[in-house]
Number of protein chains: 2
Amino acid sequence: MAATLREVAERAGVSVRTVSNVVNDFPQVAAETRAKVQRALDELGYQPNAVARTLRNGRSGLIALVLPELDVPYFAELTRAVIEQAAVAGYTVVVDQTDGDPVRERELVMRGSRAAMFDGLIFNPLALGDADLRNRPSSTPVVLLGERVVQGGLDHIMIDNVGAAELATRHLIDLGRQRIAAIGDQFDETRRTGQLRTQGYRAALQSAGREVIAELVRPVEFFHRADGAAAMAELLALPEPPDAVFCYNDLLALGALRTILSRGLRVPEDIALVGFDDIEDGRYSTPSLTTISPDKNQIAKNAVQLLLNRLDGDRSDPAEISAGYTLELRESTTGRPV
Amino acid sequence: MAATLREVAERAGVSVRTVSNVVNDFPQVAAETRAKVQRALDELGYQPNAVARTLRNGRSGLIALVLPELDVPYFAELTRAVIEQAAVAGYTVVVDQTDGDPVRERELVMRGSRAAMFDGLIFNPLALGDADLRNRPSSTPVVLLGERVVQGGLDHIMIDNVGAAELATRHLIDLGRQRIAAIGDQFDETRRTGQLRTQGYRAALQSAGREVIAELVRPVEFFHRADGAAAMAELLALPEPPDAVFCYNDLLALGALRTILSRGLRVPEDIALVGFDDIEDGRYSTPSLTTISPDKNQIAKNAVQLLLNRLDGDRSDPAEISAGYTLELRESTTGRPV
DNA sequence: AGCACTACTTGCAACGTTGCAAGCTCAGCA
DNA sequence: TGCTGAGCTTGCAACGTTGCAAGTAGTGCT
């Protein structure tokens with residue numbers, strides 16, 4: 001097993017170089033020689049050694065997608081889009097999950113040790129920030145996703161969180177809701193998403209002449225269903241519960257929905273809900289979830305394109321791309337179809 | 001950037017070998033030399049070249065997890081478990097998505113081209129079967145997951161699909177349901193999961209003295225929410241709709257649930273539902289989903305352990321491990337807590 | 001017959017790393 | 001002074017591949 005060029009060459013009675021020429025389909029090989037070598041290749045079940053090729057050629061054909069959590073549907077769906085885009089260009093994508101652990105992020109992205117097996121990285125950081133990324137010793141090109149980093153000197157794709165959150169909140173205002181809550185605020189400096197969406201939430205309320213009521217803005221540790229369910233329970237325990245909630249992602253909204261329904265309340269009649277991410281779960285929940293839908297395909301396409309440009313030697317200034325989004329109206333705010 | 005040992009050696013005025021000794025913390029280096037070299041390392045921002053190391057050492061420290069679909073929550077959750085297990089042993093896991101495409105599966109698993117970058121593979125095949133896998137030319141160890149392959153001559157971890165499906169169906173029988181349907185049957189030879197679960201479904205009905213009604217066993221193309229929703233619509237359109245449905249995975253069940261609720265029917269009062277996989281979505285749906293819960297941690301642990309054994313040179317006969325499962329009772333069959 | 005040219009094949013070196021064994025320097029001791 | 005050995009450093013070779021340039025043989029032309 002794991003025959004090498006040399007072993008094949010010995011068996012076929014030709015030089016290593018000639019075997020390589022056959023393997024790589026070089027035209028300058030006599031038909032007879034080619035047949036002889038091919039037979040030896042088949043007999044030994046030769047498979048080229050990818051590591052040696054990579055060392056020699058400087059290209060592995062592998063791109064790593066480094067994400068916080070794969071079991072968060074948004075990331076799983078984004079992954080699909082990235083894989084499709086990269087396949088078009090002949091690249092294989094492998095995914096790595098960091099859990100936002102700074103140690104793992106650093107190991108994968110900063111130290112060449114593991115990262116250098118890949119031609120490039122698409123990285124959604126949670127722990128690492130501007131400072132870390134600026135003095136990255138490795139020269140493997142990186143494209144950043146998400147809002148964690150503001151000024152990293154690297155290509156960067158994000159969405160306008162403030163604007164999107166404002167749009168979601170304004171939708172609830174337009175529905176005539178009076179006490180609009182928010183679930184997903186975050187204080188930790190490594191979690192900027194929550195802060196930005198709170199900004200948008202406040203902006204929408206203020207520009208509608210509404211007051212921002214502190215107790216209606218609930219912080220969470222993670223953007224998971226359990227956090228949404230817990231935060232919603234707190235909101236329902238208030239003397240004056242909300243009649244609408246903007247959840248900073250769909251998982252929070254699905255958790256909140258579960259809590260609301262389990263109390264016998266109705267959505268949207270008693271409480272309207274808006275989520276963020278447009279994951280598939282939200283289209284099949286009952287009621288289905290009104291949500292901000294980021295253009296995942298655009299994000300993936302841009303990320304892969306920027307990375308490929310860098311691999312082709314593009315030395316231009318880092319790009320900063322803001323991907324599009326729309327508000328998808330569904331039953332959790334519009335009510336069930338009759 | 002991307003300084004090499006040689007460049008560091010020149011700068012420090014020592015040999016390449018000495019720099020390597022410093023980098024690898026060999027004891028036999030004079031303190032003064034070490035300091036000098038360290039300075040050069042820092043100044044040049046040296047990072048070891050992982051590809052060259054792998055070529056030299058024959059180990060990359062990377063394991064590939066090759067799965068059909070990452071945006072199927074079961075796989076995403078399994079991935080988390082595998083990553084955790086592998087991390088214990090110092091291995092990094094990268095995930096690759098095949099979509100069950102035979103070309104991609106072959107490229108990743110059969111041809112060494114891409115696979116050989118990894119020390120081992122954990123592979124859940126859809127397209128490749130026994131015949132393909134038996135004459136795999138690559139010598140990278142592989143552990144198989146799932147039911148696609150029966151006799152591949154490779155380590156293999158599965159669950160007892162027939163028994164689990166029987167348990168799920170019997171639960172519905174025990175609830176006194178009269179017309180128990182099944183969603184998820186499959187005919188394609190590459191999709192054995194559906195066939196096995198149908199076997200279990202039939203076995204349960206027969207051992208309870210029930211007839212198997214053909215029109216109540218609905219086939220699907222994929223195990224996705226949309227397929228479940230469509231199949232449920234067909235069932236509801238029957239002259240005598242079912243009063244219980246065993247869905248072959250939770251996504252199908254969630255799709256079916258959506259259809260049922262959208263018709264104004266109640267779960268479980270009108271129709272009881274059982275799923276399979278125990279994904280997080282099913283715990284937060286309303287009603288929450290009774291489901292077969294495969295022991296994902298056991299699957300992951302065994303898979304990683306078997307693979308590591310092979311990497312350590314274990315040459316024993318391929319293992320065939322059946323992972324455990326339980327039936328998780330939730331609201332979709334037991335009703336809401338009052 | 002001699003030469004040029006085509007058609008094919010080959011050896012060398014290098015990608016960046018590390019195991020091995022040999023090398024050097026110097027202190028300590030007889 | 002010469003020898004031993006400890007302490008440290010080094011050169012060589014190899015992992016498996018491919019670019020480069022040079023090599024060989026054979027054909028056709030003059």
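A, B, ... follow the sequence lines: proteins, then strands. Residue 1 opens every chain. All values reported here derive from a predicted model rather than from experimental measurement.
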Residue pair B:Y91 / B:R59, side-chain donor-acceptor N/O under 3.5 Å: yes

Can you find a pair of side-chain heavy atoms, one from B:F75 and one from B:N124, that are under 4.5 Å apart? yes

Between B:R53 and B:N49: side-chain donor-acceptor atoms closer than 3.5 Å: no

Which nucleotide in D:dC15, D:dT9, D:dG16 has an atom nearest any side-chain atom of A:L55: D:dG16

Closest to the A:Q28 side chain, choosing from D:dG19, C:dC8, D:dC15: C:dC8

Please report the distance, rounded to the nearest Å, between CZ in A:R6 and P in C:dT10. 16 Å

dist B:L121:CG -> B:L65:CG (nearest 0.5 Å) comes out at 9.5 Å

Under-3.5 Å N/O pairs linking protein and nucleotides 21-26 of chain C:
none

Among C:dT18, D:dT9, C:dG11, which nucleotide has an atom closest to any side-chain atom of B:R53? C:dT18

A quick test of your reading: do over 12 heavy atoms of other residues, nucleotides or ligands sit less than 6.0 Å from NZ of B:K36? yes

In Å and rounded to the nearest 0.5 Å, what is the CD to OG distance from A:Q298 to A:S322? 8.5 Å

Closer than 4.0 Å, any side-chain N/O of B:T18 to the OP1 or OP2 of D:dT10? yes

Would you tabulate the nitrogen or oxygen pairs shorter than 3.5 Å linking the protein to nucleotides 20-28 of chain D?
from   : atom 1 : to    : atom 2 : distance (Å)
D:dC20 : N4     : A:R17 : NE     : 3.4

Atom-to-atom span, CG of B:L5 to P of D:dT9 - whole angstrom: 16 Å

Of B:R56 and B:V16, whose closest DNA chain D nucleotide lies nearer the 5' terminus? B:V16

Residue B:S15, side-chain atoms from C-beta onward, closest of D:dT10, C:dC8, C:dT18: D:dT10

If you assign A:N57 and B:E32 each to the DNA chain D nucleotide with the nearest heavy atom, which residue ends up on the more 5' nucleotide? B:E32

So which nucleotide from D:dG19, C:dT10, C:dT17 ends up closest to the side chain of A:V14? C:dT10

Pick base, sugar-phosphate or nothing for A:T4, based on heavy-atom distances below 4.0 Å to the nucleic acid. sugar-phosphate

For A:S20 and D:dT17, is the shortest distance between a side-chain N/O and OP1 or OP2 below 4.0 Å? no

So A:N21, base contact, sugar-phosphate only, or nothing? Heavy-atom distance under 4.0 Å. base

Check: B:E147 main-chain N/O paired with B:R192 side-chain donor or acceptor under 3.5 Å: yes

